[in-house]
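Right, one structure below, let's go through it.
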Amino acid sequence: MTEMPTLRRPRPAADEASPSAPLRRLSLYQVVAERLRHMVLEGELAPGSRISEKRLCEAFEVSRTPLREALKVLANEGLVELLPNRGAQVTEVDPAEVHDLFEVMAALEGLSGHLLVEHASDAEIAEIRTLHERMLELHRRQQRQAYFEANQRLHRRLTEIAGNRVLLEQQGQLTHKITRARYAANLQQGRWDESAQEHGVILAALEARDAAALSAAMAEHMRRTGAAVLDGLAASRR
């Protein structure tokens with residue numbers, strides 16, 4: 001049985017403590033939802049497994065009320081299923097849905113590429129290069145978990161710079177499900193190497209401010225990732 005740490009509300013970062021900086025205050029159920037989401041995405045709570053409210057309440061040192069509110073949040077994200085009078089369970093990873101998710105994400109990435117060239121400042125492009133180089137260093141060190149976290153930060157930053165709030169919201173919602181599928185698929189080293197190389201193509205197109213090349217590179221990167229994830233899911237079911 002995986003040991004779960006006691007839940008604590010996150011402390012504000014140093015810059016958040018400044019009177020001039022906005023504070024990000026989370027309700028207790030939101031803190032619980034963040035931890036549960038992490039557990040589902042990384043497989044600590046396996047697909048199809050029943051969720052023990054008693055065990056989680058004890059581990060997090062919370063009552064059932066914030067836990068159940070958190071479960072509703074994850075149910076809206078499609079990560080858990082609420083069972084009438086029977087608690088909740090983690091949803092299975094559906095390959096057909098994964099295919100559809102990556103199909104939509106590829107289209108959104110293509111749009112993001114066009115918007116990036118229009119909105120990105122020179123300073124923001126330099127920021128993306130810095131994030132890219134940090135990610136590549138993690139790849140060279142074979143630090144897979146840290147690499148994927150850096151990868152997610154880079155992709156989110158690209159979408160932020162694209163400057164479309166609806167696009168950012170939609171990609172954020174879909175990324176939860178895609179991240180979970182990637183963990184479940186356990187991507188092979190070869191695809192990891194290819195992905196790192198594809199990011200180099202994306203960066204080069206961004207620095208050249210070539211909208212067509214950037215849009216195509218970002219969409220193709222997402223399509224290739226989707227194909228690898230589906231292959232991994234199929235192999236895990238054999």
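Salt-bridge check for Arg140 with Glu137: passed, with a basic side-chain N closer than 4.0 Å to an acidic carboxylate O. Ionic pairing of Arg209 and Asp122 is present here: one or more N-O contacts between side-chain nitrogen and carboxylate oxygen are shorter than 4.0 angstrom.
Interatomic distance, Met105 CE to Asp100 CG, rounded to the nearest 0.5 Å: 13.5 Å. To the nearest 0.5 angstrom, Arg35 atom CZ is 13.0 Å from Leu67 atom CG. Summarising the geometry, atom CZ belonging to Phe148 is positioned 9.5 Å from atom NE2 belonging to His139; distances are rounded to the nearest 0.5 Å. Put simply, CZ on Phe102 and CD1 on Ile178 are 4.5 Å apart, with the number rounded to the nearest 0.5 Å. A distance of 13.0 Å separates CG of Leu45 from CZ of Arg37, quoted to the nearest 0.5 Å.
Scanning for salt bridge (Lys or Arg N to Asp or Glu O under 4.0 Å) contacts around Arg50 gives an empty result, with sequence neighbours left out. Arg64 pairs by the side chain to side chain contact (heavy atoms under 4.5 Å, CB included) definition with Glu53, Lys54, Cys57, Arg68, not counting sequence neighbours. Remark: Glu103 engages no residue in a salt bridge (Lys or Arg N to Asp or Glu O under 4.0 Å) (not counting sequence neighbours). The salt bridge (Lys or Arg N to Asp or Glu O under 4.0 Å) search around Glu160 returns Arg156, Arg157, not counting sequence neighbours.
Remark: the backbone N or O of Thr175 is paired with a side-chain donor or acceptor of Thr179 at under 3.5 angstrom. Remark: side-chain polar atoms of Ser52 are paired, donor with acceptor, to backbone N or O of Arg55 under 3.5 angstrom.
Side-chain contact between Leu108 and Leu174 is present, with heavy atoms from C-beta onward closer than 4.5 Å. A heavy-atom distance below 4.5 Å is not found between the side chains of Val90 and Met39. Counting heavy atoms from C-beta outward, Phe60 and Val31 have side chains that stay 4.5 Å or more apart.
Remark: Arg223 CZ is packed, more than 12 non-hydrogen atoms of other residues, nucleotides or ligands lying under 6.0 Å away.
A donor-acceptor pair shorter than 3.5 Å can be found between the side chains of Glu149 and Gln145. Side chains of Ser49 and Gln89: a donor-acceptor N/O pair is absent below 3.5 angstrom, by distance only.
Nearest heavy atoms, Ala33 versus Leu74: O-CD1, 3.7 Å. Looking at every heavy atom in both residues, Ala211 comes nearest to His114 through CB-ND1, 3.7 Å. Closest non-hydrogen pair, Pro95 versus Leu230, comes out as O-CD2, 3.3 Å. Minimum interatomic distance between Leu138 and Ala146 (heavy atoms only, all atoms of both residues): CD1-O, 3.4 Å.
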(message) Would Met135 and Leu131 count as a side-chain contact (heavy atoms from CB on, under 4.5 Å) here? Give the steps.
(response) CA-CA 6 Å; Met135 189 179 69; Leu131 292 173; over 6 Å; no
(message) If you apply the rule side-chain contact (heavy atoms from CB on, under 4.5 Å), what do you find for Gln142 with Trp192, and how did you get there?
(response) CA-CA 10 Å; Gln142 294 292 289; Trp192 188 15; 3.7 Å; yes
(request) Applying salt bridge (Lys or Arg N to Asp or Glu O under 4.0 Å), run through Glu124 and Arg129 and close with a yes or a no. (result) CA-CA 9 Å; Glu124 288 169 332; Arg129 169 165 282 282; over 6 Å; no
(request) Test side-chain contact (heavy atoms from CB on, under 4.5 Å) on Leu158 and Leu206 and set out the steps. (result) CA-CA 10 Å; Leu158 285 170; Leu206 176 60; 4.2 Å; yes
(request) Take Met218 and Leu116 through the test side-chain contact (heavy atoms from CB on, under 4.5 Å) and record every step on the way to the result. (result) CA-CA 11 Å; Met218 292 179 70; Leu116 275 163; 3.8 Å; yes
Taking only distance into account, with no hydrogens and no angle test, what donor-acceptor pairs under 3.5 Å do side-chain atoms of residues 164-173 form with protein atoms, sequence neighbours excluded?
| unit_1 | atom_1 | unit_2 | atom_2 | d |
| --- | --- | --- | --- | --- |
| Asn164 | OD1 | Val166 | N | 3.1 |
| Asn164 | OD1 | Leu167 | N | 2.9 |
| Gln171 | OE1 | Thr159 | OG1 | 2.4 |
| Gln171 | NE2 | Glu109 | OE2 | 2.8 |

With a cut-off of 3.5 Å and sequence neighbours excluded, list every side-chain donor-acceptor pair involving residues 195-205.
| unit_1 | atom_1 | unit_2 | atom_2 | d |
| --- | --- | --- | --- | --- |
| Glu198 | OE1 | Arg191 | NH1 | 3.4 |
| Glu198 | OE1 | Arg191 | NH2 | 2.8 |
| Glu198 | OE1 | His221 | ND1 | 2.7 |
| Glu198 | OE2 | Arg191 | NH1 | 2.7 |
| Glu198 | OE2 | Arg224 | NE | 2.6 |
| His199 | NE2 | Asn151 | ND2 | 2.9 |
| His199 | NE2 | His155 | NE2 | 3.4 |
| His199 | NE2 | His221 | NE2 | 3.4 |

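Follow the hydrophobic side-chain contacts under 4.5 Å out from Val104 and you reach Met222 in the same cluster.
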